[in-house]
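Atoms within each ligand, like the ligands themselves, are counted from 1 in listed order. Hydrogens, waters and symmetry mates play no part in the numbers below; they use all other heavy atoms, side chains included. In this chain, residues are counted from 1 in sequence order. The structure presented is a predicted model; accordingly, all values stated were derived computationally and were not measured.
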Amino acid sequence: MKHERVALFPGSFDPFTNGHLDLTARGARLFDRVVLAVAHNPSKTSLFTPEERVDMIRDSVQRLKNVSVMHFAGLVVDCARQVGAQTIIRGLRAVSDFEFEFQMALMNRRLQPGLEIVFLMPDQEYTYLNSTLVKEVARHGGRVKGLVPATVERRLHVRFGRRAGRRGKE
Ligand code: ADP
């Protein structure tokens, strides 16, 4: 039987953006299975609970049949072992991502030799996009349509009230 190629895509995803979705779709074309793993990190304050983030991601990736979603606490390498992933996917948007991602990749490989970390680049449309920026824009009533999946946009509206999404071009 052919060995299944499984990739783990870990992250905070607070919230999941169209940049994350772009990377997930690329991963789903490259691997037999992609597991999105929402990090539960008690030392970071998050807008959405891990369960809420998992729900939103599940909704957003429905059409990608070889993608599943879970949450995890602890080391990424342990999560990878648990789901049988030989590869970790991370994203590179700009040079500014490189140093942190490089450190993490080498640390993870040290913790689990044999694990490969692959970096994917999103469509250039999403290179400036990050979850922090999306939260700030939504918090102050800016429009996030087109930056996040519809389900995330709805949850941001609920979280920040009706004013969210009013300002910005149609
Ligand atoms: P973390 O806290 O683990 O960095 P994030 O949710 O911020 O979690 O990011 C998860 C991964 O997705 C990271 O590798 C990050 O570089 C990548 N990423 C974040 N935003 C984008 C985007 N707009 N396009 C492509 N990759 C992205």
Side-chain angles (χ1 to χ4, degrees), residues 6-31 34-61 64 67-80 82-83 85-112 115-139 142-153 155-156 159 168:
V6 182
L8 183 78
F9 180 18
S12 306
F13 306 121
D14 186 42
F16 194 68
T17 69
N18 283 344
H20 294 131
L21 183 60
D22 176 292
L23 244 57
T24 307
R26 286 172 203 279
R29 289 196 290 271
L30 286 170
F31 295 92
V34 173
V35 181
L36 275 157
V38 175
H40 178 76
N41 185 351
S43 67
K44 256 189 177 178
T45 41
S46 54
L47 180 63
F48 295 106
T49 65
E51 291 77 11
E52 287 173 319
R53 285 177 261 160
V54 167
D55 273 359
M56 283 185 270
I57 299 172
R58 282 214 178 107
D59 230 37
S60 312
V61 300
L64 302 168
V67 174
S68 58
V69 192
M70 63 183 286
H71 55 84
F72 76 103
L75 295 174
V76 166
V77 291
D78 289 337
C79 180
Q82 201 187 318
V83 303
Q86 313 84 2
T87 307
I88 288 180
I89 295 176
R90 293 285 291 177
L92 278 184
R93 287 158 291 183
V95 182
S96 50
D97 279 340
F98 181 78
E99 198 165 340
F100 175 69
E101 293 293 344
F102 186 64
Q103 277 177 2
M104 291 259 296
L106 293 183
M107 180 56 80
N108 282 329
R109 242 178 21 193
R110 184 191 162 94
L111 292 171
Q112 168 110 30
L115 191 69
E116 285 304 335
I117 295 91
V118 302
F119 293 96
L120 300 177
M121 278 171 285
D123 190 289
Q124 60 177 0
E125 183 178 353
Y126 304 123
T127 50
Y128 65 94
L129 190 57
N130 66 57
S131 301
T132 306
L133 203 56
V134 163
K135 278 182 282 196
E136 280 314 293
V137 170
R139 192 189 308 276
R143 191 178 155 80
V144 293
K145 197 180 174 83
L147 304 179
V148 294
T151 176
V152 175
E153 191 190 346
R155 295 264 194 142
L156 285 167
R159 190 57 54 97

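Atom 8 (O) of ligand 1 has as its closest protein heavy atom Ser12 N, 2.9 Å. Scanning the protein for heavy atoms near atom 6 (O) of ligand 1, the closest one is Phe13 N, 2.9 Å. Scanning the protein for heavy atoms near atom 12 (O) of ligand 1, the closest one is His20 CD2, 3.4 Å. Atom 10 (C) of ligand 1 has Arg90 NH1, 3.7 Å as its closest protein atom, hydrogens excluded (heavy atom only). Atom 25 (C) of ligand 1 has Pro122 CG, 3.3 Å as its closest protein atom, hydrogens excluded (heavy atom only). Annotation: atom 26 (N) of ligand 1 to nearest protein heavy atom, Leu23 CD2, 3.5 Å. In this structure, atom 22 (C) of ligand 1 lies nearest to the protein heavy atom Arg93 CD, 3.4 Å.
Heavy atoms of Arg26 found under 4.0 angstrom from ligand 1: none, in either backbone or side chain.
In this structure, a donor-acceptor pair under 3.5 Å is absent between the side chains of Ser12 and Asp14.
In this structure, Phe119 and Glu101 have side chains that are in contact, with non-hydrogen atoms separated by less than 4.5 Å.
Not a single heavy atom of Met121 lies less than 4.0 angstrom from ligand 1. Phe9 counts as a contact of ligand 1, since one of its heavy atoms falls under 4.0 Å from the ligand.
Remark: Asp78 engages Arg81 in a salt bridge (charged side-chain N to carboxylate O under 4.0 Å, His left out) (not counting sequence neighbours).
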Determine, step by step, whether Ile88 and Val118 satisfy the side-chain contact (heavy atoms from CB on, under 4.5 Å) criterion, reporting the C-alpha distance in whole Å, the side-chain angles of both residues, the deciding distance to 0.1 Å, and the verdict. CA-CA 6 Å; Ile88 288 180; Val118 302; over 6 Å; no
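Partner of Phe13 under the side-chain contact (heavy atoms from CB on, under 4.5 Å) criterion, out of Val54, Val152, Val38: Val38 alone.
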